[in-house]
There are 2 protein chains.
Amino acid sequence: MATHTNRGDRVATDRRTAILEGAARLIARRGVRGLRVEELAAEAGVSAALIYYHFKDRAGILLRTLEFIGDRAERYTAERCDGSTPDRHRRELEQSFLLELQDLPEVRENSIAWGELRASAVFDPALRGDLAQAGAAWAHEVAGLLGAVLPVASATALAESAERLTALLEGLSMRWLSGVLSLEHAQELIVEAIAVETGRPSEGEN
Amino acid sequence: MATHTNRGDRVATDRRTAILEGAARLIARRGVRGLRVEELAAEAGVSAALIYYHFKDRAGILLRTLEFIGDRAERYTAERCDGSTPDRHRRELEQSFLLELQDLPEVRENSIAWGELRASAVFDPALRGDLAQAGAAWAHEVAGLLGAVLPVASATALAESAERLTALLEGLSMRWLSGVLSLEHAQELIVEAIAVETGRPSEGEN
DNA sequence: GTCTATACAAGGATAGAC
DNA sequence: GTCTATCCTTGTATAGAC
């Protein structure tokens, strides 16, 4: 369709991105339900009309923003630091979870947005596609890491372990974000859960 | 203050309860954020003005409803069927979790409301008190049940196990409610998690 | 305590100029 | 593509009669 790319298009794309970044920030601050188009316009430094021009309506904004956040998450999720030390694999597994439990703006934004997406999907089936897809990809990745730690485990056992660990992380993340659980404690709990799931209760366990 | 209780008070109390029940249903259907006072009025068969008369404002409705739901949850949570069969205690523990994973209107309502409360608390610190209190009580109860299964475990180990299991249940519950995980699978996963946490990997595990 | 009627505000969305 | 101005729906909350 687009036979050429002029400066106007570049500017437009930049504005689009600015809007999405602003939306991510605002969702982290006020939630999906608390996102106001006017406010987003101010945050992104554009007019409200422009947002409608680019994203059709409020639902469009939400959908694109959640996609945007999903893509962005792959950046800090994609930590490949191979090597073959003995329990190197376990560390890698732990890392992949601990990366989601950090008090960094981007991580918070992504976690909050994910929680919001999950909660909204309870009432809005339109969101379930994204949710299921991203969730499955994540679980699959975790199952792979688990497989490296437990080479003898069956594929289904690995898949179920992965489901439990990812579901647990979501639960812990929500407790952290809702101010009921400290970040440090959440980190300890997930690490210990990994230990339990991989059959290595660490010191102090029963 | 109230020196007597006449028929008018009885009716008023009934209406109050009807409103709270309606609110619970509506929250389960549309979420906390989707709760509309007019709609609630219709659902409860009263006028909107009456709701404001009884609950002051929208926030008041929410707070009372969440209390109401919390109290109601104790009913089906309070299953005491003692006896001292060998792994009687484990069954009791499993039951206490499986009670939260049933496709009954009341259970759904409570689970959804709980998820909404959790999600709302991320942006509204006013809700964190209720959340922390109810969560702590639940975790404590679970720790007790765990203690019966693992008499030799330390108190902290039990508390941490309880935290992991309750957080996992919340995560699984959200996945079920958001239509990404079947109820049966959620039940299997929590039962298996209990097995793993109590150190008895069931058949098929690695 | 409970209702009807209504004021009032906020927010989503569009029109039309540039 | 982008803005300013504006419309209009929806939803919270109150006034005042009964």
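Note on naming: letters A, B, ... go to the chains in the order of the sequence lines (proteins, then strands), and numbering restarts at 1 for each one. Only heavy atoms go into these numbers, but all of them, side chains included; no hydrogens, no water, no symmetry mates.
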Subject >> Euclidean distance, atom CZ of residue A/R36 to atom P of D/dT10 [Å, nearest integer] >> reply: 16 Å
Subject >> Interatomic distance where NE2 belongs to A/H54 and C1' belongs to D/dC3 [whole Å] >> reply: 12 Å
**OP:** Name the closest nucleotide to the B/V11 side chain, picking from D/dG1, C/dT2, D/dA13.
**Re:** C/dT2
Under 3.5 Å, which donor-acceptor pairs do the side chains of residues 45-57 of chain B form with other protein atoms, sequence neighbours left out?
from  : atom 1 : to    : atom 2 : distance (Å)
B/S47 : OG     : B/L50 : N      : 3.2
B/D57 : OD1    : B/A59 : N      : 3.4
B/D57 : OD1    : B/G60 : N      : 2.9

Subject >> side-chain hydrogen bond (donor to acceptor under 3.5 Å, both in side chains) contacts in which one or both residues fall within residues 115-131 of chain B, not counting sequence neighbours >> reply: A/R33-B/E116, A/S178-B/R118, B/R33-B/E116, B/R118-B/E170
Original post:
With A/D103, which residues qualify under side chain to side chain contact (heavy atoms under 4.5 Å, CB included), at least two apart?
Top reply: A/R108, A/W176, A/L183
Original post:
Could you state the CZ-C1' distance from B/R30 to D/dT10, rounded to the nearest angstrom?
Top reply: 14 Å
Subject >> Value in whole Å for how far the C1' atom of C/dT14 lies from CZ of A/F55 >> reply: 18 Å
Subject >> Nearest-0.5 Å distance, OG of residue B/S173 to CD1 of residue B/I112 >> reply: 8.5 Å
Original post:
Please give, in whole Å, the distance from C/dG11 C1' to A/L35 CG?
Top reply: 11 Å
Original post:
Which residues satisfy the side chain to side chain contact (heavy atoms under 4.5 Å, CB included) test with B/H140, sequence neighbours excluded?
Top reply: none
Subject >> Watson-Crick or G-U stems of DNA chain D, 3 or more pairs, under 3.5 Å, by first number >> reply: C:1-18 with D:1-18
Original post:
Within this structure, what is the CZ-to-C1' distance between B/R58 and D/dT10, rounded to whole angstrom?
Top reply: 13 Å
**OP:** Identify, residue by residue, the members of residues 38-51 of chain B with a heavy atom below 4.0 Å from DNA chain C, and return them in order of residue number, or none.
**Re:** B/V46, B/S47, B/A49, B/L50
Original post:
Among all residues two or more places apart in sequence or in another chain, which pass the side chain to side chain contact (heavy atoms under 4.5 Å, CB included) test with B/E94?
Top reply: B/R90, B/R91, B/V191, B/I194
Original post:
Does C/dT2 have OP1 or OP2 sitting under 4.0 Å from an N or O in the side chain of B/Y53?
Top reply: no
Subject >> Listed partners of A/A162 passing side chain to side chain contact (heavy atoms under 4.5 Å, CB included), at least two apart >> reply: A/V142, A/A143, A/L146
Subject >> Atom-pair distance (CG on A/D14; C1' on D/dT2), nearest Å >> reply: 14 Å
Original post:
Are any of the side-chain heavy atoms of B/E197 and B/E160 separated by less than 4.5 Å?
Top reply: no
**OP:** Calculate the interatomic distance between B/Y52 atom OH and D/dA15 atom P; express it in whole Å.
**Re:** 13 Å
Subject >> Residues forming a side chain to side chain donor-acceptor pair (under 3.5 Å) with A/R30, sequence neighbours excluded >> reply: A/E39
**OP:** Output yes when at least one side-chain N/O atom of B/R15 is less than 4.0 Å from OP1 or OP2 of C/dG1, else no.
**Re:** no
